[in-house]
Amino acid sequence: MILLQVGDQVVYPMHGAGEIAGVEECEIMGQVKQYFILQLPVGDIRIMIPTDNADGIGLRQISPPEKIEQVSEVLLEEPERPLGSWNKRFHNNLNRLKTGDILEVAAVIRNLILQDKRKRISGGEKRLLELARQIFVSEISFALGLSTEGAEAWMMDRLDRNHR
């Protein structure tokens with residue numbers, strides 16, 4: 001169980017990284033609960049997360065520097081060979097994103113971007129890639145103290161080296 005407070009930078013699986021902007025009490029269906037207010041910089045989105053279920057939904061701290069080194073290695077690794085139909089690959093990649101693990105997100109991005117360079121990916125996979133990029137870039141920007149453009153450039157630098 002992680003202890004979170006206002007100002008903490010966290011990752012919310014399938015949404016990306018943001019900062020806990022506050023804690024509010026709300027009554028929903030006759031029940032009063034406390035909620036973390038998560039402010040996501042991408043799209044300027046605010047999300048309310050029940051404080052008593054933050055662990056259950058996978059809310060976690062931003063990855064530490066040693067994990068970011070592993071992320072860089074994942075982006076430089078040989079992409080996995082695409083197996084099965086695009087639909088099967090889509091669901092497999094979606095499940096990887098749902099884990100909230102930055103290493104899994106990096107692998108999905110690496111595989112889809114490099115696959116798209118060789119042979120066009122489907123429209124569904126393109127939308128999934130865009131979501132993965134948003135999640136990834138938001139966390140990398142917080143973890144490395146970069147702008148979203150700087151985090152995108154950091155990611156593409158590694159993928160370009162991989163592609164060569």
Side-chain angles (χ1 to χ4, degrees), residues 1-2 4 8-20 36 38-47 49 53-164:
M1 183 167 167
I2 57 174
L4 299 172
D8 284 352
Q9 296 174 338
V10 296
V11 177
Y12 184 26
M14 296 300 292
H15 294 277
E19 186 172 309
I20 297 178
F36 288 119
L38 182 61
Q39 185 70 44
L40 301 176
V42 178
D44 199 30
I45 298 170
R46 285 181 48 150
I47 299 174
I49 301 165
N53 194 25
D55 283 340
I57 61 169
L59 200 64
R60 64 171 175 79
Q61 299 282 350
I62 296 290
S63 296
E66 55 274 6
K67 185 102 174 199
I68 300 304
E69 288 176 27
Q70 293 175 321
V71 167
S72 184
E73 291 169 14
V74 167
L75 293 174
L76 292 167
E77 289 173 0
E78 191 69 27
E80 296 162 9
R81 227 185 131 129
L83 300 173
S85 67
W86 78 266
N87 194 19
K88 185 174 181 168
R89 289 191 312 268
F90 176 88
H91 287 291
N92 188 24
N93 285 326
L94 181 61
N95 288 335
R96 291 177 88 173
L97 292 184
K98 286 180 181 178
T99 68
D101 183 343
I102 188 75
L103 298 176
E104 292 292 329
V105 176
V108 168
I109 288 171
R110 177 202 61 216
N111 294 340
L112 289 176
I113 284 179
L114 297 178
Q115 181 184 342
D116 193 42
K117 287 185 179 191
R118 275 181 274 176
K119 180 184 171 196
R120 291 281 165 214
I121 59 176
S122 71
E125 287 175 306
K126 284 184 185 199
R127 285 188 299 281
L128 190 66
L129 173 58
E130 217 30 62
L131 174 61
R133 283 175 91 128
Q134 175 185 321
I135 293 167
F136 184 84
V137 165
S138 69
E139 182 166 2
I140 293 299
S141 67
F142 276 109
L144 298 178
L146 299 171
S147 66
T148 51
E149 294 81 14
E152 178 85 20
W154 182 90
M155 176 188 76
M156 291 310 296
D157 172 65
R158 278 135 188 92
L159 290 169
D160 287 344
R161 283 192 268 161
N162 186 330
H163 190 254
R164 284 186 228 137

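Here the structure is a predicted model, which is why all the values come from computation and not from measurement.
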Glu80/Arg110 salt bridge by N-O under 4.0 Å criterion: yes
Salt bridge Arg60-Glu139, side-chain N to carboxylate O under 4.0 Å: yes
Arg96 (side chain) donor-acceptor with Asn92 (main chain) under 3.5 angstrom: no
Leu76 backbone acceptor or donor facing Arg161 side chain under 3.5 Å: no
Qualifying residue for side chain to side chain contact (heavy atoms under 4.5 Å, CB included) with Ile109, from Leu112, Asn111, Val105: Val105
Beyond-backbone contact of Ile113 with Arg133, side-chain heavy atoms, under 4.5 angstrom: yes
Heavy-atom side-chain proximity of Trp154 to Ser72 below 4.5 angstrom: yes
Specify the closest pair of heavy atoms between [X] and [Y], including all atoms of both residues, with the distance to one decimal.
X: Ala132; Y: Val108; result: CB-CG1, 4.3 Å
X: Val137; Y: Thr148; result: CG1-O, 3.4 Å
X: Ala106; Y: Leu75; result: O-CD2, 3.6 Å
X: Phe90; Y: Leu128; result: O-CD2, 3.7 Å
X: Asn162; Y: Pro79; result: OD1-CD, 4.2 Å
X: Trp86; Y: Gly124; result: CZ3-CA, 4.3 Å

As an exercise, state the distance from [atom1] of [X] to [atom2] of [Y], rounded to the nearest 0.5 Å.
X: Ser63; Y: Glu69; atom1: OG; atom2: CD; value: 12.0 Å
X: Gln115; Y: Arg89; atom1: CD; atom2: CZ; value: 4.5 Å
X: Ile68; Y: Ile102; atom1: CD1; atom2: CD1; value: 6.0 Å

Would you give me the side-chain donor-acceptor pairs under 3.5 Å for residues 8-18, sequence neighbours excluded?
{"unit_1": "Asp8", "atom_1": "OD2", "unit_2": "Gln5", "atom_2": "N", "d": "2.9"}

Crowding at NZ, Lys88 (>12 non-hydrogen neighbours, <6.0 Å): no
Residue list, salt bridge (charged side-chain N to carboxylate O under 4.0 Å, His left out) with Glu19, at least two apart or on another chain: none
Donor-acceptor pair between Asn87 and His91 side chains, under 3.5 angstrom: yes
